**Student:** 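I'd like to ask you about the structure that follows.
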Amino acid sequence: MDLRLPSKVLEHIFSFVDSNEDRNSVSLVCKSWFETERLTRKRVFVRNCYAVTPAAVARRFPEMRSLTLKGKPHFADYNLVPDGWGGYAWPWIEAMAEKSPALEELRLKRMVVTDECLEKIAASFKEFKALVLTSCEGFSTDGLAAIAVACRNLRELELRECIVEDLGGDWLSYFPETLTSLVSLDFSCLDSEVKLSDLELLVSRSPNLKSLKLNRDVSLDALGSLLRLAPQLVELGTGSFSDKLDQEAVSKLSQAFTELKELKSLSGLWDVLPEYIPLLYSVCPGLTSLNLSYATVQMPDLVELLSRCSNLQKLWVMDLIEDKGLEAVASSCKELRELRVFPSGADVDETNVALTEQGLVSVSEACPNLESVLYFCAQFTNEALVTIARNRPNLKCVRLCVMEPFAPDHKTQQPLDEGFKAIVEGCKGLQRLSVSGLLTDKAFEYIGTHGKKLRMLSIAFAGDSDLMLHHLLSGCESLNKLEIRDCPFGDTALLENAAKLETMRSLWMSSCGVSFGACKLLSQKMPKLNVEVIDEHPLKTRPDSSPVEKIYIYRTLAGPRLDMPEFVWTIHKNPEIGVSNLAIE
Amino acid sequence: MSESVAAEHDYIGLSMEAAQMSDNKTKTRDNNNNKNDDVLNFKATELRLGLPGSESPERVDQRFLSLKSSCPVSGAKRVFSDAINGSTKWVFSPGSATDVKDIKPAVPVKEKKSSAAAAPPASKAQVVGWPPIRSFRKNTMASSQSQKQGGGDNNNSETEGEAKSGAEPCLYVKVSMEGAPYLRKIDLKTYKSYVELSSALEEMFSCFTIGQFGSHGGCGRDGLNESRLTDLLRGSEYVVTYEDKDSDWMLVGDVPWEMFICSCKKLRIMKSSEAIGLAPRVMEKCRSRN
């Protein structure tokens with residue numbers, strides 16, 4: 001008796017399955033489910049662009065409308081991945097142009113995107129609607145102009161912290177008068193001035209515009225006129241908040257803010273002068289997200305502002321907030337889910353010492369929904385970590401950065417092993433953890449024992465020996481991404497736990513003690529992994545015992561990549577395959 | 001490049017292999033690593049794992065000192081610093097050529113002024129990628145600080161165009177290189193001579209090639225004059241060319257610097273074999289100008 005559901009019925013059922021994790025499970029049930037699922041998947045996430053080929057993705061998901069890609073490893077954010085390593089968007093765009101011309105959305109993170117890529121997108125995807133580039137580089141404002149001029153149905157254009165060759169603000173004028181579909185525009189990372197008149201025209205013919213993030217160059221005056229044209233904004237990133245305005249202009253601006261009845265998210269606020277902070281008071285009660293991480297506002301002003309933000313769920317701020325400010329947050333922002341505190345100085349020595357572990361403790365005590373924390377701080381204690389874990393067992397993401405490497409508990413001078421033990425033991429749903437401070441192998445034994453749900457782990461300047469790595473690889477069942485720098489490993493733990501690496505997305509190790517021989521051996525044992533040795537100073541002959549600078553290991557179905565630069569070695573490396581041949585001129 | 005030279009510039013943390021572990025710690029390294037001890041034995045980066053708190057300030061500082069000296073900010077610049085140390089591969093190493101021993105990282109965008117000094121104070125070490133703050137944030141914060149200081153060193157920044165340009169107009173030109181997947185943009189006004197320009201280009205594009213520039217020993221202390229520069233350029237695998245106002249492609253280095261920056265629209269680094277045809281035209285232009 002054939003019990004299979006007809007595929008039409010299956011399709012209908014699957015249309016309710018949104019999450020890709022669920023869809024992945026669905027596709028493993030049987031062949032017909034695999035087929036039906038793949039024919040109905042519209043949003044495809046490829047979290048490592050080298051794990052699979054563009055052609056394979058296009059082939060498997062013919063109805064794909066939205067593609068999300070991630071390129072470089074996370075530590076590229078901190079300059080640990082040399083320029084030219086890879087992560088090129090071009091092969092993907094080229095392949096999709098040919099095989100998936102109905103593509104509507106492209107979201108890229110940490111990838112190299114050239115003007116040629118942008119021009120290709122503009123030329124190939126007739127229904128293109130959304131381009132979101134996060135931490136990307138390699139393109140100029142000319143490429144943006146190409147997108148602006150050609151994508152008639154553009155809804156989203158967002159550049160989040162990209163490095164853009166800024167050749168001037170003209171690109172904005174390329175949006176045709178017929179373009180009225182814009183929902184989201186973020187050019188906050190660009191330097192140069194866009195013409196206010198172009199921007200005003202664009203905003204006024206975009207009735208669906210919900211999110212507008214300006215760059216620093218947009219003056220306070222200009223902001224006023226833009227807000228009057230778009231009172232329906234839900235997300236606003238201001239430009240510079242420091243021009244001197246006369247009384248009339250200030251009151252007009254204040255009025256404009258009052259009209260923003262839908263505003264939920266506020267960011268930008270570059271160089272904000274204290275006297276302008278009251279302008280924001282009217283929107284505070286409605287805010288769920290506030291990014292003050294570029295606003296050099298002192299604690300008293302921050303307190304005034306934040307005490308009005310009773311609905312705040314996400315707060316990004318600098319250490320200028322100090323412990324006192326965080327106490328105010330604790331008492332006013334009961335809905336807080338995510339807190340990030342960034343250092344205001346670039347150096348350990350410039351860290352604001354009035355921000356200590358106590359600030360985080362206060363917030364953990366008083367904010368019942370707190371699940372995600374990123375905290376830069378000069379020092380910490382085990383006691384504080386234990387308290388935080390006890391207060392907030394629902395934490396999912398804890399990223400603690402004690403600014404000085406190897407810093408022990410500043411009260412007891414002990415390693416922070418016990419503190420992190422409390423975190424992994426108490427926060428049973430912990431998915432992401434970054435550790436810092438003085439840590440011995442014991443800390444990692446605890447993490448291995450208790451961190452069963454841990455998916456991503458970042459470690460720097462920690463541990464004593466190979467045991468550390470062994471604990472993690474053998475203990476953390478859900479481990480998906482592991483990134484380590486400057487820890488004393490050798491080869492043993494890596495080789496002993498080689499099989500684990502196929503269950504993970506990637507492993508990054510730099511300035512550890514892994515030898516070239518171990519990399520070769522690992523490559524031979526594990527053909528489904530790409531073991532990349534990144535070494536900008538290779539010795540002329542590489543003896544097996546020589547240590548390697550950096551390794552990046554990831555599982556892949558695509559085999560060795562063809563665009564490896566000279567400083568990346570894999571076991572497949574053929575001397576003729578060298579620099580990428582993606583020259584654009 | 002001798003092995004020991006390479007070793008000195010090896011990555012941070014390597015010394016942990018050479019470290020003498022204290023007796024009360026389990027040693028689980030395999031023996032192969034001990035062979036490295038001779039090559040990698042540099043005391044300054046020795047990791048000693050005594051009880052926490054003992055020796056720690058000193059230990060930390062030493063490590064940072066060596067981290068600082070061996071780790072410039074970005075990958076590309078490390079190749080450059082090898083050049084400074086007498087490798088015959090690179091010729092263009094002005095500025096730092098005067099000071100072979102002291103490997104200063106080419107001033108990364110937002111290093112504290114004090115740490116750009118020759119001997120960094122013990123407590124102010126800079127480690128690559130630490131603290132883990134995104135470059136975008138670092139650059140943004142630094143440029144707002146320097147604005148507050150009234151201008152500051154905006155043009156000292158890296159040339160990827162992140163820094164906010166100052167009041168004076170900038171002369172941004174695109175720089176492309178054959179075989180490189182993307183191009184860069186630089187502000188010609190930040191350089192005062194061909195020498196500075198070439199070292200910047202070298203830094204930017206070194207990741208795409210191990211330089212095959214001919215080794216002309218004894219690069220002058222005060223930098224190269226223009227004709228010497230062009231000789232060297234012509235002797236190497238890559239040449240730098242530019243497109244001038246008349247849309248002609250010329251070899252960089254033929255005309256006086258001031259004239260060059262006024263007429264340069266675009267730069268391109270190409271293989272010398274491709275650039276051979278340019279030479280006669282350059283001569284013609286010079287003749288017509290004279």
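Chain letters run A, B, ... following the sequence lines, proteins first, then strands; residues in each count from 1. Because the structure is predicted, anything quoted here is derived from the model rather than measured.
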**Student:** What is the minimum heavy-atom distance between Phe376(A) and Pro132(B), and which atoms define it?
**Tutor:** CZ-O, 3.3 Å

**Student:** Would the distance check show the side chain of Trp130(B) and the main-chain N or O of Met403(A) forming a donor-acceptor pair, the cut-off being under 3.5 Å?
**Tutor:** yes

**Student:** Give, as side chain, backbone, both or neither, the part of Phe75(A) having an atom under 4.5 angstrom from any heavy atom of chain B.
**Tutor:** neither

**Student:** Can you check whether Phe342(A)'s main-chain N or O pairs, donor with acceptor, with Arg137(B)'s side chain at less than 3.5 Å?
**Tutor:** no

**Student:** Starting at CG of Asp191(A), measure out to OG1 of Thr140(B) and round the result to the nearest 0.5 Å.
**Tutor:** 8.5 Å

**Student:** Let me know if Cys117(A) has heavy atoms under 4.5 Å from chain B in its side chain, its backbone, both or neither.
**Tutor:** neither

**Student:** Heavy-atom distances under 4.5 Å only: say whether Ser135(A) touches chain B with side chain, backbone, both or neither.
**Tutor:** side chain

**Student:** Below 4.5 Å from any heavy atom of chain B, which atoms of Trp85(A) appear? Answer side chain, backbone, both or neither.
**Tutor:** neither

**Student:** At a heavy-atom separation under 4.5 Å, does Asp409(A) approach chain B through its side chain, its backbone, both, or neither?
**Tutor:** neither

**Student:** What are the two closest heavy atoms between Asn79(A) and Val128(B), and how far apart are they?
**Tutor:** O-CG1, 3.9 Å

